[in-house]
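Contents: one structure, followed by commentary.
Within every chain, numbering begins at 1; the chains are lettered A, B, ... in the order of the sequence lines, protein sequences first and strands thereafter.
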Amino acid sequence: MNSDSIISGVLIDEATLTIVELANACSVEYTWVLQHVEDGLLARTDSSMTSAISRADAAEWRFASAALIRARRLANIERTFDANAEVAALVVDLLEEVATLKQQRFSEHRR
Amino acid sequence: MEFRDYYQILGVGKTADADAIKKAFRKLARKYHPDVSKEPDAAARMTELNEANTVLSDPEKRAAYDRLAAGGQGHRAGKDFRPPPDWNAGNEYSGDGMSAAEAARFSEFFSSMFGDSARGDANHAGARRTRSTGEQQVRGEDHHAKVVIDLADAYTGATRAINLRAARLDESGHVVADERTLNVNIPKGLKEGQHIRLAGQGSPGFGGGPSGDLFLEISFAADARYRIDGRDVTAIMPLAPWEAALGATIEMPTPSGNVQVKVPSDSQAGRKLRLKGRGIPGETAGDLYLEISVVLPPADTEAARAIYETMAREMPFNPRDAAAAAKGV
């Protein structure tokens, strides 16, 4: 590839990735994503998200950038530590909480 | 290429059993987990640990590695190493979930030993996902990279050169590590944690299957002047006491350039002024909040001291009383 050419990509916004795309991006099976959404460990952001979760609608589900980061962390912790999904989710919840607190402490520290 | 001592990396002896290897890997993985570790080289160490664990936790790969290490050439970590030609012939590895994308991040040493098996594993993993379209066509793995940009880049857009180490098939069909540079357009209006997908820039597919994609995760460089929340940006606006008390029109630097700000009189510290639409641009642009901070000039000259003394004398003001009144005490 010519390293001088500039390439542009597609922005992953609020409701962009399909369930297959998310699974591919995390190197996990499609059913891994299904199970994590059903168990409330991973959130989708499509317009029908207020309705009950049904596997039949899975093709319509959409995921945002935040879900991609979360899903990769979950998969990584489950794989590295042979952790069960709930424990991995608890760890990721705490990581997200720490990030929020760091941001708050940073802004209060400057006052 | 350098010989890699996987036992040394995991800190275990050559006779360690599977359980000891698993324990050592998890202990070190906890220490160097990039989300938690404060070690500067955490990400690199984690890749090294994954590589060592991939080999030593798999009986077939471990046996092949042990045979090579015991080859009588005195292989030691860091020493130059050339694998004997066709040394890998006859070795077969079953899939263990390791992907070509993962293998591509590993060392050249690893690629030369297990490149073929990485490809086999990718086939194995991919075939599960594309069963309905036939086992031969396998989509390449997706790759991920982080891109750090300045807040100003989110306002204007930018171009970034990204160095990637990815898998490529050489003429004889072996997976080899390939260094390449991509110049990527970073559009304006990005938020922290948002991704850009570059279609087809991941691992190549197999059997005519499409290439995987490359996902770039956007992260902002730390900047003590700004706090960013989605597309909203908060900056501290330092004011002299007289500017805060009397009101003023001041020039304030912002990520999108200097702006004239009208400060109302009696502006207390902590109060925020909102500049609508001057946050990070987007379909709905964010807002820029200027948080007032009153900065006292030092009383380091006779004249300055005289002014403070006049204020103390002429202005009956006790901030403790004012704070109590504000709290309704």
Which atoms of [X] approach chain A - backbone, side chain, both or neither, heavy atom under 4.5 Å:
| X | result |
| --- | --- |
| Arg160(B) | neither |
| Leu190(B) | side chain |
| Ala199(B) | neither |
| Glu217(B) | side chain |

query: Should we count CZ of Arg55(A) as having more than 12 external heavy atoms under 6.0 Å?
result: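 Count over threshold, so yes.
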
Gln268(B) CD: over 12 foreign heavy atoms closer than 6.0 Å: no

### Student check: side-chain heavy atoms of Arg197(B) and Leu17(A) closer than 4.5 Å
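Counting from C-beta outward, Arg197(B) and Leu17(A) do come under 4.5 Å.
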
Between Phe215(B) and Asn24(A), is any pair of side-chain heavy atoms under 4.5 Å apart? no

For [X], what residues pass the side-chain contact (heavy atoms from CB on, under 4.5 Å) criterion, not counting sequence neighbours?
| X | answer |
| --- | --- |
| Asp93(A) | Arg70(A), Glu96(A) |
| Ala52(B) | Tyr6(B), Ile9(B), Leu10(B) |
| Ala44(B) | none |

Between Leu182(B), Asn183(B), Leu214(B), which is the residue that forms a side chain to side chain contact (heavy atoms under 4.5 Å, CB included) with Ile7(A)?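 Going through the options one by one, the only one that passes is Leu182(B).
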
Ranking Asn185(B), Asp213(B), Val36(B) by heavy-atom pairs under 4.5 Å to chain A gives rank one to Asn185(B)

Using heavy atoms and a sub-4.5 Å threshold, report which of residues 80-87 of chain A line up against chain B, by residue number.
->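 Residues Thr80(A), Phe81(A), Asp82(A) are the ones that qualify, each having a heavy atom under 4.5 Å from chain B.
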
Original post:
Which value, rounded to the nearest 0.5 Å, describes the distance between Asn50(B) atom CG and Asn76(A) atom CG?
Top reply: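 Going from CG on Asn50(B) over to CG on Asn76(A), the span is 7.5 Å.
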
So, for [X] and [Y], which heavy atoms are closest and what is the spacing to 0.1 Å?
| X | Y | value |
| --- | --- | --- |
| Ser27(A) | Glu141(B) | OG-OE1, 3.0 Å |
| His144(B) | Leu68(A) | CE1-CD1, 4.2 Å |
| Gly193(B) | Ser65(A) | O-CB, 3.4 Å |

Practice problem: Check whether Leu11(A) gets within reach of chain B through its side chain, its backbone, both or neither, counting any heavy atom under 4.5 Å. | Solution: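 Both backbone and side chain of Leu11(A) come within 4.5 Å of chain B.
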
